Amino acid sequence: MATKQQELHPSVVKFLSNSPKKMLINGEFVSAKSGKTFDTVNPATGDVIVKVCEADKEDIDLAVKAARKAFEGEWKKVTPYQREMLLNKLADLIEKNAEELAQLETLDNGKPISESKAVDVPASVQHFRYYAGWATKIHGETLPVSVGNFHAYTLREPVGVVGQIIPWNFPLLMATWKIAVAVACGNCVVLKPAEQTPLTALRLGELVMEAGFPPGVINICPGFGETAGAALSSHMDVDKVAFTGEYITGRKIVQASVGNLKRVSLELGGKSPNIVFTDGDMEGALRGCMGSVFFNQGQVCCAGTRLFIEKKIYEDFVSKLTDKVKKIRVGMGLDPNTQMGPLVSDDQLKRVTGYLEAGKKEGAKPTCGGDRVKEGDLSKGYFVQPTVFADVNNNMKIAREEIFGPVVSAIPFKDVEDVVFQGNDTTYGLAAGIWTNDLKKAHKVAKAIKAGTVWVNCYNCFDPCVPFGGFKQSGYGREGGLHALELYTQPKSVWVSLD
Ligand code: NAP
Ligand code: MG
């Protein structure tokens, strides 16, 4: 397939000409102590984009020391209003460099440029501005104690040095979700981006320095999970670790945290039910299902991958959905007409095609897709066909495990009781969708579903003021809104005797 690709922005070319890309420690871009580098690959072609310096234990230790020094020194002198201004400056710089950041994101991750421009970059700007506003509004309280003559109050203090480990599906946005709230609350951070997608985090590091953050407040160290990630989560001088990724890695993070009993928050995977009742707006539900599954190549933690359809409309709905899915334009991310790009890596391609085979073996029927893209230019990249599986039951492997690709499993249900039981019959609890025009039914099901977010007649709606996170094995702690401030601050109670 011939594709019309966007020209690379001159600043992207300049950024990439500087190889290997160095990590940000203590306000300086430095090489790894070991001298090691790794390749970051363009998933649309399989070609190496650039080499990146590989952080290991020693580099993480230097970054933690820098963060500690900043936290106990320079950063303490910075007022809440100055923190607000620094975060707003960073948001302005992201906005100013939006085109470059969007292209870098698409190159490194594969996602369509239209999405990098419309979602990843502007949502990052909005998120930084939202938490900039909070910096001046975090405070303790005075308390009316009854046990004697005291003036009792709380101070709300930052936790300290925070280690943050993120995945590759929204590289810039995940970095933003982690850094903005931590810094607004007065913490210092060491961020480890995913090895597959380190570029926008490193460019963000340049903008952090341009904004004027003191050295050591934000450190960015790309490297591998088993080395750099493990060093960060087990470090004895890290006060908190915030992690987004798979539940299996989440368990390792918790185990690694016990040495100094650091605080842990976990944003893990999902297998979210998206429930279509007969009485809903069918066209809206179809559009919602498309977005809920195929956005970002299906590499979305809250994707509505278990599509529960009421029996009476099951055949009709699956057939209409299939017609729409067949029309998705799969292509190079840098082509502005592309609606779905490649998966992020060869590993991810193997994982997803493995699930496609498993689904067929268990008797699920692909009504479209079902394989990788094997012809033309796209065969060199990690492209997979958008796939609808019909005749799925909730016990099949494809309905139980997170595929993290453009694959939806259509499962029939009888009534409210049946779908609430099946919807909750999963180890995950991240999100759910409900499509109905019956108000009572909508609220009843929203209450009965065990998930951190429920969308009614919509899907994938996000705002920085709304908390996001999981029930059950989808994790604990919330990002966004007031709730995230709780994770990054701690109350100190002060008693003053007035006698
Ligand atoms: P992953 O394999 O768990 O990796 C996530 C991060 O953890 C990466 O930076 C990884 O480094 C690092 N890591 C790996 N092993 C580690 C270890 N032993 N110690 C410390 N860090 C380690 O997840 P992924 O495959 O990148 O991302 C997909 C998963 O993320 C899915 O399950 C998805 O649902 C979840 N997710 C959840 C949310 C949410 O908000 N709930 C949002 C987005 C994604 P390397 O890259 O070097 O392996
Ligand atoms: Mg990984």
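Predicted model, so just to flag it, every value in this text is computed and none were measured. Indexing begins at 1, ligand by ligand and atom by atom, following the structure's order.
- The heavy atom nearest to atom 46 (O) of ligand 1, considering only E226, M174, E195, is found in E195.
- With respect to the salt-bridge test (charged N to carboxylate O, under 4.0 angstrom), the residues E479 and K178 qualify.
- With salt bridges taken as basic N to acidic carboxylate O contacts below 4.0 Å, one links K350 and D346.
- Per-residue contacts place Q196 under 4.0 angstrom from the following atoms of ligand 1 (heavy atoms of the residue considered): 46 (O).
- One option in A231, G245, A228 has a heavy atom closer to atom 35 (C) of ligand 1 than any other, and that option is G245.
- Near K252, meaning under 4.0 Å from one of its heavy atoms, ligand 1 places the atoms 18 (N).
- Below 4.0 Å from some heavy atom of G225 lie the following atoms of ligand 1, by number and element: 11 (O), 12 (C), 13 (N), 14 (C), 15 (N), 16 (C), 17 (C), 18 (N), 19 (N), 20 (C), 21 (N), 22 (C), 45 (P), 47 (O), 48 (O).
- N457 is linked by a side-chain hydrogen bond (donor to acceptor under 3.5 Å, both in side chains) to nothing, counting only residues two or more places apart in sequence or in another chain.
- The residue among E54, R478, K192, Q348 with a heavy atom at the shortest distance from atom 11 (O) of ligand 1 is K192.
- Annotation for ligand 1: atoms under 4.0 Å from non-hydrogen atoms of P167 are 26 (O), 27 (O), 43 (C), 44 (C).
- Heavy-atom proximity to A230, at under 4.0 Å, picks out these atoms of ligand 1: 19 (N), 20 (C).
- A salt bridge links K117 with E99: at least one charged nitrogen is closer than 4.0 Å to a carboxylate oxygen.
- Between W75 and F71, the distance from one ring center to the other does not fall under 6.0 angstrom.
- Electrostatic pairing of D59 and K192 does not count as a salt bridge here, judged by no charged N lying under 4.0 Å from a carboxylate O.
- Residue Y247 places no heavy atom under 4.0 Å from ligand 1.
- Residue contacts with ligand 1: T244 is placed with no nitrogen or oxygen under 3.5 Å of a nitrogen or oxygen of the ligand (distance criterion only).
- By the 4.0 Å N-to-carboxylate-O rule, R203 lies too far from E105 to be salt-bridged with it.
- Distances below 4.0 Å separate heavy atoms of I253 from the following atoms of ligand 1: 20 (C), 21 (N).
- The salt bridge (charged side-chain N to carboxylate O under 4.0 Å, His left out) test applied to E357 returns K360, not counting sequence neighbours.
- Nearest-heavy-atom check against atom 21 (N) of ligand 1 across G229, S272, G250, P222 picks out G229.
- Polar contact with ligand 1: present for E246 (N/O pair, distance under 3.5 Å).
- At a heavy-atom cutoff of 4.0 Å, ligand 1 is contacted by the side chain of I165 but not by its backbone.
- Residue G223 approaches ligand 1 through these ligand atoms, each under 4.0 Å from one of its heavy atoms: 47 (O).
- Taking any N or O of N169, backbone or side chain, none lies under 3.5 Å from an N or O belonging to ligand 1.
- Against a heavy-atom cut-off of under 4.0 Å, E402 is close to the following atoms of ligand 1: 31 (C), 32 (O), 33 (C), 34 (O).
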